[in-house]
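The structure appears below as structure tokens.
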Amino acid sequence: MARIEIENLRFTYPSREIPTLQDITTRVPSGAFVLLTGPTGCGKSTLLRTLNGLIPHASAGTLTGTVHLDGQDIASQPLATTCQQVSLLFQNPDDQLFCTLVEDEIAFGLENLSFPPEEIQERITIALEQVGLSGFESRHISSLSGGEKQRVALAAVCAMRPQVLLLDEPTSHLDLQGTRDILNIVKQLNSEIGITVILATHRTREVAPLCNHVWLMEDGRLCLDLPKIDAFQDVTPYQRLGVQVPQAETSTTPSLKRPSNTLQQDTRLRIQNLHFRYRNTDKDAVCDISCEVPRGEVLAIMGANGSGKTTLIHLIAGLLRPSAGEVRIDGKRYGRVKLHQLAGKIGIVFQDPDLLLQAETVRDEVAFGPKNLKFPKRTLEEHVDRTLTRFDLQDLGAEAPYALSRGQRQRTAVAATFSLHPDLFLLDEPTTGQDAQHLYQLMDELCDEIRQAHKTLIFATHDIDLTLKYADRILLLRNGTVIFDGDPDTAFADQEFRQQASL
């Protein structure tokens, strides 16, 4: 299998003056498993893209230094050649999936390399078994959950059988059981087949037991490059950067104690006998859900991938219309309220923040909503400044949103929605792409606003720590139905509930 040699690597995007990668020199022996971590925006994703040739072949910017794969300069060989040796699993599966059916997606790369049909079919079957999606061959990708899409993307990568496997936050969309399954697959590819693995993640606790080497990045540099046996002897660098470390208790681990909620007054949201079924499916994605959510409450929605969390969030936001039942906000039924009338009252941040971003700069993004809602001009600038500071975006105001890291784009989307001060704030998977420090800062700001202003926050997540720290209440979903509605401590203390919700 392949070895990687990196010499004096620097890369600067066209929209930036400061290099995203700075003077990186290191070696990756054949068959290694490298854990790559660091705070949001430190350059992890950019580094991975230099290792598979997307930089410089498919990305503008200035690249100096070299990356060699078995002695061959990646920048000087055709991208089509490198892609047969090095596979990259993107952070967002939608950036990687473009076929209609699952089997077509997995077959695409093999067909372009002229593999015989019988081998293609065999590899499809094996790859789907590896990622726990056997029988999904004819499923429409558009009907899958975010976690299921990530598994399809990994299956397509596995089917190519690369020498080097690069993974960019591969478990960010997965529930805890799905995370373990995917990481076990990756470890098996590494230990049994000898594939060299470099995995970028904020979830170091799950990955650390599997790796044999650790890279810690800060401001585009490798500030730590050590074998695993030495990498966690001193946790100070991780704590300073707000990065999770494998130890159970660190300064970045939140105190798992929620403030008592004394603001529960009249009902903000009422859901009655709610059903929803997607087209061309024979089963409800949401089935007979009823609940009430008062003002001032922070509600977590948890469950396995495909359990209906995102569908429920979209139904509450008015983006989907129920097949049966109803959703009422402040006593008003959706059927009598036009969607545009909910602007400024309901705010939603999607699992994929790119679905919300459309302005030229981060500052314009945060100002867009208030401008369209006719905020007074004399207070608009101050309002935007405060919002940028609250979400640690004050130094990124002039940056183009799509030039940012995934975690920074997520914070930008949250800030843009927050700037409208909606009465009901909906957040789908806030942990995606976030380091621990920025994640807790983001949630602190949201929950402070919610409780002080008698608003309501509903967030969908797989993160138990996040729920224990911030949620007053939890809905556990399984196959579209509510299996528990109550206190998070009670839910997590019950082994049956944890197993049913893949926790």
Side-chain angles (χ1 to χ4, degrees), residues 11-20 39-43 45-46 59-62 91-92 94-95 219-220 317-319 339-430 432-435 438-439 441-446 448-450 453 455 457:
F11 180 74
T12 307
Y13 286 103
S15 62
R16 295 189 172 183
E17 297 181 359
I18 299 175
T20 299
T40 300
C42 68
S45 296
T46 301
S59 179
T62 302
Q91 192 172 38
N92 180 8
D94 288 330
D95 292 340
D219 296 331
L319 300 177
L339 192 58
H340 74 269
Q341 294 176 313
L342 299 175
K345 299 179 181 179
I346 299 178
I348 182 171
V349 178
F350 300 117
Q351 221 174 77
D352 180 2
D354 296 344
L355 297 175
L356 286 173
L357 303 177
Q358 42 75 42
E360 291 186 2
T361 69
V362 170
R363 187 178 189 85
D364 291 342
E365 198 72 62
V366 175
F368 180 81
K371 280 184 179 179
N372 281 275
L373 290 182
K374 310 300 182 184
F375 276 41
K377 291 183 179 180
R378 65 178 181 273
T379 61
L380 179 61
E381 291 302 312
E382 293 180 1
H383 175 72
V384 172
D385 286 339
R386 287 196 303 271
T387 302
L388 290 171
T389 300
R390 293 184 81 163
F391 294 97
D392 198 22
L393 296 168
Q394 64 274 17
D395 295 332
L396 300 174
E399 297 282 353
Y402 285 96
L404 304 179
S405 73
R406 173 63 182 267
Q408 290 168 332
R409 298 200 305 276
Q410 184 85 352
R411 294 209 309 279
T412 300
V414 171
T417 304
F418 179 89
S419 69
L420 296 170
H421 294 294
D423 294 328
L424 176 58
F425 201 111
L426 305 170
L427 193 55
D428 196 357
E429 293 291 352
T432 302
Q434 297 294 335
D435 59 71
H438 282 110
L439 173 61
Q441 178 186 356
L442 181 152
M443 290 298 294
D444 283 343
E445 294 292 344
L446 289 179
D448 286 348
E449 170 80 7
I450 293 304
K455 298 174 185 274
L457 171 64

Are the side chain of [X] and the backbone N or O of [Y] linked by a donor-acceptor pair below 3.5 Å?
{"X": "T40", "Y": "D435", "value": "yes"}
{"X": "E365", "Y": "A359", "value": "yes"}
{"X": "Y13", "Y": "S59", "value": "no"}
{"X": "R409", "Y": "L404", "value": "yes"}

Under 4.0 Å between a side-chain nitrogen and a carboxylate oxygen: does that hold for R363 and E381?
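Between E381 and R363 there is a salt bridge, with a charged N closer than 4.0 Å to a carboxylate O.
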
Measure the [atom1]-[atom2] distance between [X] and [Y] for me, rounded to the nearest 0.5 Å.
{"X": "H383", "Y": "L388", "atom1": "NE2", "atom2": "CG", "value": "9.5 Å"}
{"X": "D428", "Y": "L355", "atom1": "CG", "atom2": "CG", "value": "10.5 Å"}
{"X": "D392", "Y": "Q441", "atom1": "CG", "atom2": "CD", "value": "5.0 Å"}
{"X": "D94", "Y": "D354", "atom1": "CG", "atom2": "CG", "value": "9.5 Å"}
{"X": "F425", "Y": "L446", "atom1": "CZ", "atom2": "CG", "value": "5.0 Å"}

Taking all non-hydrogen atoms of both residues into account, name the closest pair between [X] and [Y] and its distance.
{"X": "D364", "Y": "E360", "result": "OD2-CB, 4.3 Å"}
{"X": "I346", "Y": "P422", "result": "C-CB, 3.9 Å"}
{"X": "P370", "Y": "L380", "result": "CB-CD1, 3.5 Å"}
{"X": "Q410", "Y": "E429", "result": "NE2-O, 3.4 Å"}
{"X": "Y402", "Y": "L357", "result": "OH-O, 3.1 Å"}
{"X": "V349", "Y": "L356", "result": "CA-CD1, 3.7 Å"}

With sequence neighbours excluded, give me every side chain to side chain donor-acceptor pair (under 3.5 Å) pair touching residues 411-426.
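Residue pairs passing side chain to side chain donor-acceptor pair (under 3.5 Å), neighbours aside: H421-E449.
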
Check this for me: D219, atom CG, are more than 12 non-hydrogen atoms of other residues, nucleotides or ligands nearer than 6.0 Å?
no

Should E399 and L393 count as side-chain neighbours, where that means a heavy-atom distance under 4.5 Å?
no

Any chance you could lay out the side chain to side chain contact (heavy atoms under 4.5 Å, CB included) test for L427 and L442, step after step, and finish with the verdict?
CA-CA 11 Å; L427 193 55; L442 181 152; 4.2 Å; yes

Would you call the rings of F391 and F418 parallel, tilted or perpendicular if under 30° counts as parallel and over 60° as perpendicular?
perpendicular

